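Here the structure comes first, spelled out in structure tokens, and everything after it is commentary.
Computed from heavy atoms alone, side chains included, the values below leave out hydrogens, waters and symmetry copies. Chain letters run A, B, ... following the sequence lines, proteins first, then strands; residues in each count from 1. Since the model is a prediction, treat every value here as computed from it, not as a measurement.
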Amino acid sequence: MADDLSTLEQQMMLAISKLMPSAYGVAISDHIERVTSRSYSIGAVYAALDRLEGRGFLASRQGEATSVRGGRRKLYFDLTARGQHALKQSLAVIDKLRKAPPRAREAFV
Amino acid sequence: MKRRRSTGQIVSDHPVVENCPGLTWRHRNGKWEAQWRAGIIGFPKDGFRLWRGKENELGDVARKFISHNCLALQSEMLGWNGEGAIFPQVEAEPSMREVILDRILEAGSSMWEEIAASIRRLFGHREPSMEEILASIRRIIAEDDEARSQAKVARINPPFAAEWLIALLMSSRRAAALLGDLEEKFNRNIESRGVRRARALYWSEALRSIGPILWAKAKKLGVIAVIAEMWRRTHS
């Protein structure tokens with residue numbers, strides 16, 4: 001399916017939905033680390049963000065430059081309507097799998 | 001004791017001043033120069049000339065001055081490095097700004113009345129209250145202190161080679177955002193873990209980042225195209 005999301009992509013999009021409108025690299029990776037205790041490198045975060053933006057799930061905009069960042073601008077990410085729909089669908093699939101009753105073992109004839 | 005230099009010039013040993021960590025001596029144009037130099041990785045490479053003259057011109061006052069400043073600079077450097085003080089902390093001479101601020105804050109009501117009166121004259125019709133004026137002065141001092149502390153942090157730069165490596169692999173807009181994020185983390189780590197550890201963490205983060213970036217690029221462009229692009233960037 002074209003709208004399939006990996007675990008990292010799901011986590012990323014959930015983090016962005018929580019942090020919006022101030023979701024940028026450090027904030028996203030900090031949020032994921034705080035909640036899941038898994039640490040991703042900034043490069044991995046940006047690679048996933050790039051991928052999601054390329055698929056039209058995210059939109060980016062430039063923010064303010066601060067001295068703490070060496071005068072470089074932040075790049076904020078927002079979920080697009082398409083991204084929200086894809087995330088909802090992806091989570092629904094997991095929910096469905098979680099709630100599905102165990103299938104009775106078929107007897108050998 | 002005197003030594004002969006390779007140039008044939010005869011030079012006597014440099015003067016000795018007790019209790020001067022980080023002090024170096026140079027002989028130039030027949031005179032000795034006492035210079036304090038930063039010696040720990042991560043501290044901005046800098047030198048401060050503390051004294052210059054002939055050996056017999058070095059009096060007690062100059063010796064005291066050199067020792068006092070060496071200890072003060074060393075303490076500051078160790079403070080920056082986050083390693084704790086090895087040498088005794090020396091209270092540096094207060095700057096003019098600190099003296100003025102202290103005087104303002106300690107001053108009695110007469111001085112405040114004078115300041116308030118002059119401000120009221122400027123505002124004329126509005127006549128700000130004393131509390132308002134005090135709050136403004138406190139805000140200005142706090143903003144100034146914050147700007148100074150930010151400037152101090154900004155003086156330590158992250159490893160250039162690691163920055164270059166990242167910039168080589170990404171588009172300029174993305175690279176700027178990613179390097180900004182790395183620098184933000186770097187500055188946060190300086191405050192919590194010290195410069196040396198912050199630099200190590202920066203390198204580790206940069207190296208961990210290269211794999212996913214390269215992989216994403218290779219999937220997008222193909223391996224040959226990635227190598228060609230890197231070659232083009234390094235040679236342009």
Side-chain angles (χ1 to χ4, degrees), chain A residues 2 4-12 15-16 19-34 37-78, chain B residues 143 146-160 162-192 198 201-221 226:
Chain A
D4 271 355
L5 295 173
S6 68
T7 312
L8 173 62
E9 286 169 343
Q10 270 182 351
Q11 290 178 359
M12 212 73 84
I16 292 169
L19 296 167
M20 258 163 55
S22 43
Y24 69 103
V26 175
I28 296 168
S29 98
D30 280 356
H31 181 83
I32 293 175
E33 194 174 345
R34 201 171 47 243
S37 307
R38 286 185 71 176
S39 146
Y40 295 106
S41 71
I42 289 282
V45 170
Y46 270 87
L49 290 171
D50 260 358
R51 216 162 43 232
L52 291 169
E53 197 180 6
R55 290 164 72 183
F57 296 161
L58 299 179
S60 64
R61 68 196 147 83
Q62 285 206 313
E64 71 280 5
T66 57
S67 61
V68 183
R69 299 174 56 83
R72 295 183 180 105
R73 288 176 179 279
K74 284 179 184 171
L75 198 60
Y76 288 116
F77 291 89
D78 299 311
Chain B
E143 281 171 1
E146 201 188 322
R148 274 161 191 275
S149 70
Q150 280 198 355
K152 254 188 173 181
V153 169
R155 270 170 61 185
I156 303 172
N157 293 321
F160 175 74
E163 281 192 327
W164 176 81
L165 205 60
I166 296 282
L168 188 71
L169 298 170
M170 299 182 86
S171 67
S172 57
R173 187 175 173 230
R174 281 280 189 271
L178 192 147
L179 289 173
D181 283 355
L182 282 175
E183 191 155 348
E184 194 178 324
K185 274 191 162 186
F186 173 71
N187 283 323
R188 206 164 60 186
N189 287 334
I190 287 177
E191 279 172 25
S192 58
L201 286 171
Y202 189 99
W203 264 111
S204 128
E205 187 82 7
L207 293 174
R208 275 174 67 208
S209 295
I210 288 167
I213 296 168
L214 264 180
W215 179 241
K217 241 183 152 88
K219 275 210 293 190
K220 214 164 154 185
L221 304 170
V226 171

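- In this structure, chain A has no heavy atom under 4.5 Å from any part of B:Leu207.
- With a threshold of 4.5 angstrom between heavy atoms, A:Ser29 approaches chain B through side-chain atoms but not through N, CA, C or O.
- With sequence neighbours excluded, no residue forms a ring-ring contact (aromatic ring centres under 6.0 Å, His included) with A:Tyr46.
- Minimum interatomic distance between B:Glu205 and A:Tyr40 (heavy atoms only, all atoms of both residues): OE2-O, 4.2 Å.
- Taking both residues in full, the closest heavy atoms of B:Ser209 and A:Gly43 are given as OG-N, 2.9 Å, listed atom of the first, atom of the second, then distance.
- Partners of A:Tyr76 according to the ring-ring contact (aromatic ring centres under 6.0 Å, His included) rule, which considers only residues two or more places apart in sequence or in another chain, are A:Tyr24.
- The two residues A:Ala47 and B:Ala216 have their closest heavy-atom pair at CB-CB, 4.1 Å.
- Of the atoms belonging to B:Ala177, heavy atoms from both backbone and side chain fall under 4.5 Å from chain A.
- Chain B forms the most heavy-atom pairs under 4.5 Å with one residue out of A:Ile42, A:Asp50, A:Leu49, A:Val45, and that residue is A:Ile42.
- For a residue to count as touching a neighbouring chain, one of its non-hydrogen atoms must lie under 4.5 Å from one of that chain's; by this rule A:Asp30 touches chain B with the side chain only.
- Shortest non-hydrogen contact noted between B:Glu184 and A:Lys74 is OE1-CE, 4.2 Å.
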